[in-house]
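First up is the structure itself, then whatever we jot down about it.
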Amino acid sequence: MAAQEHIRYIARLGDDAVVLGQRLSEWCGHGPILEEDIALTNLSLDYIGQARALYTHAGALEAQGHGEDHFAYFRDEEAFENHLMVELPKGDFGFTVMRQFLFATFAYLRMEALAGQTTDPELAAIAAKSVKELRYHVEHARDWVVRLGDGTAESRERLHRSLEQLWPYTGELFTPDAVDTWAETAGMAPDLARLKARWDDVITAALTEATLGRPEDGWMQAGGKAGRHTEHLGYLLAEMQSLARKHPGVTW
Amino acid sequence: MNMNERFEAYIASDAKIEPKDWMPDAYRKTLIRQISQHAHSEVVGMLPEGNWVTRAPSLLRKSILLAKVQDEAGHGLYLYSACETLGVSRDDLIADLHSGKAKYSSIFNYPATSWADMGTIGWLVDGAAIMNQVPLCKTSYGPYARAMVRVCKEESFHQRQGFQILLALCNGTEEQKAMAQESINRWWWPALMMFGPRDEDSQHTEESMRWRIKRFTNDELRQKFIDMTVPQAELLGLTIPDPDLKWNEERGHYDFGEINWEEFYHVIRGNGPCNKERIAARQQAHDEGAWVREAALAHSKKRAAQSSTHAA
Ligand SMILES: [Fe+2]
Ligand SMILES: [Fe+2]
């Protein structure tokens with residue numbers, strides 16, 4: 001049997017992916033231009049695909065007969081251990097691309113490290129595939145951050161506001177808890193302090209190019225990895241899980 | 001032979017018209033109307049299905065649905081591009097949609113109120129769209145015909161996926177099966193209306209047939225659709241809500257009941273259950289995206305100015 005920490009580590013990777021995928025899917029049909037409607041749907045599809053693979057793997061490690069949909073549809077809010085940043089409402093297009101940039105850069109670096117480890121080969125295979133997708137996510141978001149930051153006065157102002165709103169949620173990305181430490185000690189997960197140094201470089205360069213500059217590190221929000229969430233996750237899950245829970249155990 | 005006669009003869013020989021070729025104004029106008037209407041239908045059609053993306057009952061179904069709605073956006077893009085080859089801009093076409101000047105398929109003015117509708121829309125609505133669109137792969141205007149080849153390939157996937165959603169429901173619990181039946185009850189007649197008015201009431205059919213923009217009449221396509229669909233409904237174990245539906249041995253076709261034409265014209269005139277919501281949703285997305293489009297333009301101008309100063 002796999003260690004509880006191991007299962008949780010994989011499941012929370014899935015939680016990040018499914019929650020962000022769900023948020024992005026809210027854009028479907030409502031994008032600012034048709035091309036971006038397609039692009040945002042693409043990102044959403046990538047995350048849902050990653051979540052499926054990760055949950056399936058977590059279910060196999062757990063060995064209690066739980067498939068991917070159990071994790072997404074039949075767990076309550078406090079069982080989700082995603083980072084708080086991904087559950088925040090989608091906001092305007094500027095908020096969405098800023099979150100994408102901050103989070104996808106982190107997710108990319110994390111998956112790149114996970115693709116290179118040998119402790120969990122199944123995870124390495126999932127990560128290798130995800131890295132390719134996330135590389136595009138980072139590029140796409142970075143382009144928009146620069147474009148909107150260095151666009152009009154209005155776009156700069158909007159993007160700046162989104163950055164200020166999101167910044168307090170970046171601390172949690174790099175603050176290890178017991179599960180992270182277990183996974184790092186097992187040779188599976190990367191050292192988050194090292195990851196942060198690389199993240200800092202990418203983020204600072206892009207924010208400078210976008211004429212936005214980097215906010216001061218102040219108080220940072222945390223709790224997602226302990227199952228303590230914002231008020232927003234409950235609604236997201238209520239919507240996502242409503243139909244599946246009305247008909248438990250059926251095939252769709 | 002004058003230009004017009006040459007054009008008619010060229011079309012009659014089944015040759016393709018390309019953007020730079022001479023064409024009568026009426027031909028150009030008919031194409032712009034039809035292609036843009038088609039493009040708008042793809043884009044507005046994203047809304048009823050988008051309504052279930054966040055509630056899809058499994059991750060697999062969510063992925064399939066997302067990919068489908070994304071395909072529809074892609075269809076919208078190809079078709080707007082095909083339309084632009086006729087000398088109109090996408091912005092103008094979209095403005096016509098929002099102002100109500102341009103039409104889109106009325107089917108999307110019906111609400112998608114249950115998950116089973118995701119199956120029914122794929123099976124019946126994409127199914128009817130295929131019937132309408134396969135002949136368009138051979139339509140006389142080259143860019144339109146080529147766009148339709150790509151579109152049709154994806155539409156047949158959509159139809160199969162829709163059928164699969166219904167099949168899963170019909171093989172499921174009593175509640176799931178009831179959900180499927182209730183959905184067919186709502187969508188069957190609007191799906192038949194997708195083929196347009198009866199031939200004798202259709203304003204555009206004759207000219208469009210001669211120009212080989214259209215290749216079958218509305219009634220021919222409607223009959224073909226019914227003949228194809230009834231056996232599939234039997235396979236699913238669903239009842240088609242038409243007491244007059246029965247096989248006619250002599251004709252070799254199904255006979256069917258009278259369509260509610262009053263409803264048909266009402267929905268076209270803007271009184272369907274969702275006409276106002278659909279346009280409002282598109283308008284809102286467009287308005288909320290205005291600052292993004294402006295910023296992208298401003299940024300590319302800045303970059304262009306920078307690179308020209310660097311070059312100088
Ligand atoms: Fe389509
Ligand atoms: Fe379709």
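All chains are named by letter (A, B, ...) in the order of the sequence lines, taking the proteins before the strands, and each is independently numbered beginning at 1. Predicted, not measured: the structure shown is a model, and the values here were computed from it.
Interface summary for chain B: among Gly31(A), Ala244(A), Pro32(A), Ser242(A), the most heavy-atom pairs under 4.5 angstrom belong to Pro32(A). For the set Met240(A), Gln241(A), His30(A), Arg52(A), the count of heavy-atom pairs under 4.5 angstrom toward chain B peaks at Arg52(A). By number of non-hydrogen pairs under 4.5 angstrom with chain B, the leading residue of Asp69(A), Val18(A), Ile33(A) is Asp69(A). In terms of non-hydrogen atom pairs under 4.5 Å with chain A, the most contact-rich of Asn51(B), Leu60(B), Val43(B), Asp71(B) is Leu60(B). For chain A, the option among Arg303(B), His286(B), Gln284(B), Glu288(B) with the highest count of heavy-atom pairs below 4.5 Å is Arg303(B). Between chain B and the options Thr251(A), Asp92(A), Thr41(A), Val97(A), heavy-atom pairs under 4.5 Å are most frequent for Thr41(A).
Relative to the six-membered ring of Phe80(A), Arg75(A) meets both conditions, a distance below 6.0 Å and an angle of at most 45° to the axis. Phe157(B) carries Arg160(B) over the face of its six-membered ring, with the cationic atom under 6.0 Å from the centre and within 45° of the normal.
Using a 4.5 Å cut-off on side-chain heavy atoms (C-beta onward), Glu68(A) and Ser58(B) make no contact. Contact annotation: the side chain of Leu79(B) approaches that of Tyr144(B) to within less than 4.5 Å [non-hydrogen atoms, C-beta and beyond]. Two residues are said to be in side-chain contact when any heavy atoms from C-beta on lie closer than 4.5 Å; Leu136(B) and Gln34(B) meet this criterion.
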Exercise for the section: Tell me, with the steps shown, if Glu154(A) and Arg158(A) meet salt bridge (Lys or Arg N to Asp or Glu O under 4.0 Å). Expected result: CA-CA 6 Å; Glu154(A) 181 185 3; Arg158(A) 281 177 182 259; 3.0 Å; yes

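Checking Val131(A), Leu134(A), Leu13(A) one by one against Arg110(A), the side chain to side chain contact (heavy atoms under 4.5 Å, CB included) holds for a single residue, Leu13(A).
For Gln70(B), the parts lying near chain A are the backbone and the side chain together; criterion is any non-hydrogen pair under 4.5 Å. For Arg55(B), the parts lying near chain A are the backbone and the side chain together; criterion is any non-hydrogen pair under 4.5 Å. Only the side chain of Trp144(A) comes within less than 4.5 Å of a heavy atom of chain B; its backbone N, CA, C and O stay farther away. For Asp150(A), the parts lying under 4.5 angstrom from a heavy atom of chain B are both the backbone and the side chain. Heavy-atom distances place both the backbone and the side chain of Phe93(A) under 4.5 Å from chain B. Interface remark: Val44(B) contributes no atoms to any contact with chain A (heavy atom separation under 4.5 Å). Contacts of Leu47(B) with chain A are made by side-chain atoms alone, with heavy-atom separations under 4.5 Å and no backbone atom involved.
Listed by sequence position, Arg90(B) are the residues of residues 82-107 of chain B in contact with chain A, using a 4.5 angstrom heavy-atom cutoff. Within residues 164-179 of chain B, the residues that have a heavy atom under 4.5 Å from a heavy atom of chain A are Ala168(B), Leu169(B), Thr173(B), Glu175(B), Gln176(B), Met179(B), listed by number.
No side-chain donor from either of Arg186(B) and Tyr110(B) sits under 3.5 Å from a side-chain acceptor of the other. No side-chain N or O of Thr152(A) forms a donor-acceptor pair with one of Glu294(B) less than 3.5 Å apart. A donor-acceptor contact closer than 3.5 angstrom links the side chains of Asn185(B) and Gln181(B).
Of the possible polar contacts, none joining the Thr105(A) side chain to the Leu102(A) backbone as a donor-acceptor pair under 3.5 Å is found.
Sparse packing is recorded around NZ of Lys246(A), with 12 or fewer heavy atoms of other residues, nucleotides or ligands lying under 6.0 Å away. Other residues, nucleotides and ligands contribute at most 12 non-hydrogen atoms within 6.0 Å of the OH atom of Tyr235(A).
A salt bridge does not link Glu139(A) with Arg135(A): every distance from a Lys NZ or Arg NE/NH1/NH2 to an Asp or Glu carboxylate oxygen is 4.0 Å or more.
Atom CZ of Arg282(B) sits about 11.0 Å away from atom CG of Asp287(B), to the nearest 0.5 Å.
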